[in-house]
There are 2 protein chains.
Amino acid sequence: MKPIKSRQQTNGQVGEVCLKIGEVSQQTGIGIETLRFYERSGLLDRPERTEGGYRLYDASVLERLRFIRQAQVLGFSLDEIRHLITERKSGNRPCASVREIVQKRLTELDERMAQMRRYRRELATTLAEWDATGDKDGMICGLIEGTSIASAQPIEQKLRGRKK
Amino acid sequence: MKPIKSRQQTNGQVGEVCLKIGEVSQQTGIGIETLRFYERSGLLDRPERTEGGYRLYDASVLERLRFIRQAQVLGFSLDEIRHLITERKSGNRPCASVREIVQKRLTELDERMAQMRRYRRELATTLAEWDATGDKDGMICGLIEGTSIASAQPIEQKLRGRKK
DNA sequence: CTACACCCTGTAGCCAACTACAGAGTCAAG
DNA sequence: CTTGACTCTGTAGTTGGCTACAGGGTGTAG
């Protein structure tokens with residue numbers, strides 16, 4: 001068992017908790033490599049270091065990571081999250097942007113769900129038809145070849161959609 | 001304007017249409033690089049070649065490509081499609097596998113749509129709450145920080161899901 | 001003092017399905 | 001024969017969000 005809270009700050013202030021990267025990882029469930037990746041990506045600030053170069057995080061990193069996870073859950077990309085963080089650091093309250101993005105997400109989501117519903121209906125119909133008919137000869141699979149579906153694009157591409 | 005049908009096969013048989021890769025691309029809307037990629041991936045057989053090394057496809061490639069596109073539309077991965085093709089070439093009728101995969105897709109789709117519905121509801125609720133309340137101080141964005149959502153995982157990862 | 005767990009940097013790999021390029025060769029019209 | 005569009009191979013890049021090393025250094029319990 002490691003001491004979770006030790007390592008006082010150099011300024012002698014009492015009670016300031018310093019965390020090594022592994023401890024942060026433990027407490028958040030986010031992998032060490034991912035934490036370093038987030039730092040590289042500008043999502044986490046460069047933390048203090050020991051003389052030996054170990055990262056020493058203070059408790060606020062947990063807050064930040066919770067923010068990141070929460071924003072991800074809400075459908076923000078890391079890119080957008082970094083935007084929010086830097087916007088905030090430059091003094092702005094990014095909530096307007098947030099609202100805008102969420103609104104856009106909502107619209108996208110509706111579109112995608114509509115596509116999925118259509119797709120689902122087609123798939124189910126297709127399957128039902130297949131169950132009712134036999135296979136023809138000379139085809140890789142009459143089921144697929146005999147199917148006619150409106151959409152021109154592979155579904156997965158349509159579902160993935162959101163980039164940039 | 002290029003001649004769409006010319007280039008008789010070496011065996012002198014009349015009426016056999018030979019297509020250069022660019023013509024196949026034109027007729028299917030699938031990019032040249034993609035066609036070569038499909039060949040590398042084992043989705044297309046190696047076609048005849050001219051003395052100079054140009055690919056000469058016969059009309060059956062169009063059939064095959066239609067099959068591939070159709071299967072993609074139905075949600076099959078290229079990996080699965082290759083499976084179907086080779087299974088067929090080894091003499092089996094892969095329709096049972098097809099049916100199985102489609103069935104699985106359907107289940108996955110239902111799950112994903114359920115997730116999306118939950119997510120949508122959460123997002124909409126959140127947005128409504130935001131509109132009703134102001135922001136707090138000291139946060140990057142009170143909107144995100146103040147939100148509590150059940151799911152532990154970023155939504156996009158959950159939606160992408162299907163790999164292997 | 002010696003293990004041994006932990007941490008460091010930097011780079012490369014993963015997934016799927018393409019897409020892009022460099023540098024060379026080929027084909028057909030005029 | 002020249003021009004220019006087309007094609008060839010082989011390799012590497014794209015997207016997003018990680019994940020996995022290799023090859024070293026650090027911190028600490030016993």
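Just so it is clear: chains get the letters A, B, ... in the order the sequence lines come, proteins before strands, and each one is counted from 1.
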Side-chain touch B:Leu62/B:Tyr57, heavy atoms, less than 4.5 angstrom = no

Whole-Å distance separating the NZ atom of B:Lys20 from the P atom of D:dA5 = 13 Å

Starting from P on C:dC18, measure out to CZ on B:Arg69 and report it in whole angstrom.
-> 5 Å

Does B:Arg82 put a side-chain nitrogen or oxygen below 4.0 Å from OP1 or OP2 of C:dA16?
-> no

Please report, rounded to the nearest Å, how far the P atom of C:dC8 is from the CZ atom of A:Arg49.
-> 6 Å

Starting at atom CD1 of B:Ile30, determine the distance to atom P of C:dA17, rounded to an integer number of angstrom.
-> 14 Å

Between C1' of D:dT7 and OH of B:Tyr57, the distance in whole Å | 11 Å

Between B:Gln26 (CD) and D:dA5 (P), how many Å, whole number?
-> 15 Å

Look at the side-chain N and O atoms of A:Arg55 and state whether any lies under 4.0 Å from the OP1 or OP2 oxygen of D:dG27.
-> no

Transitive ILVMFWY side-chain link A:Phe37 to A:Tyr54, under 4.5 Å = no

Tell me, with the steps shown, if A:Ile85 and A:Arg64 meet side-chain contact (heavy atoms from CB on, under 4.5 Å).
-> CA-CA 9 Å; A:Ile85 292 172; A:Arg64 173 69 63 89; 3.6 Å; yes

For D:dG27, does either OP1 or OP2 sit under 4.0 Å from a side-chain N or O belonging to A:Thr50?
-> yes

4.5 Å side-chain heavy-atom contact, A:Asp79 and A:Arg82 = yes

On DNA chain D, check which nucleotide each of A:Gly52 and A:Phe37 is closest to and give me the residue with the more 5' one.
-> A:Phe37

Side-chain donor/acceptor of A:Glu33 to base of D:dC21, under 3.5 Å = yes

So, is A:Tyr38 close to the D:dC18 phosphate, meaning a side-chain N or O under 4.0 Å from OP1 or OP2?
-> yes

Which nucleotide, D:dC18, C:dC27, C:dC7, lies nearest any side-chain atom of A:Ile21?
-> C:dC7

Phosphate oxygens OP1/OP2 of C:dC18: is one of them under 4.0 Å from a side-chain N or O of B:Gln72?
-> yes

N/O donor-acceptor pair, side chain B:Tyr54 with base C:dC27, under 3.5 angstrom = no

For D:dT9, take OP1 and OP2 only and decide whether either is under 4.0 Å from a side-chain N or O of B:Arg36.
-> no

Check whether any side-chain nitrogen or oxygen of B:Thr34 sits under 4.0 Å from OP1 or OP2 of C:dT19, and answer yes or no.
-> yes

Send over the distance from B:Glu39 CD to D:dT7 C1', rounded to a whole Å.
-> 13 Å

Mind calculating the distance between CD1 (B:Ile32) and C1' (C:dC21) to the nearest angstrom?
-> 14 Å

So do the side chains of B:Tyr38 and B:Leu65 get within less than 4.5 Å of each other, counting heavy atoms only?
-> yes

Heavy-atom nearest nucleotide on DNA chain D taken for B:Arg40 and for A:Glu51; more 5' hit belongs to B:Arg40

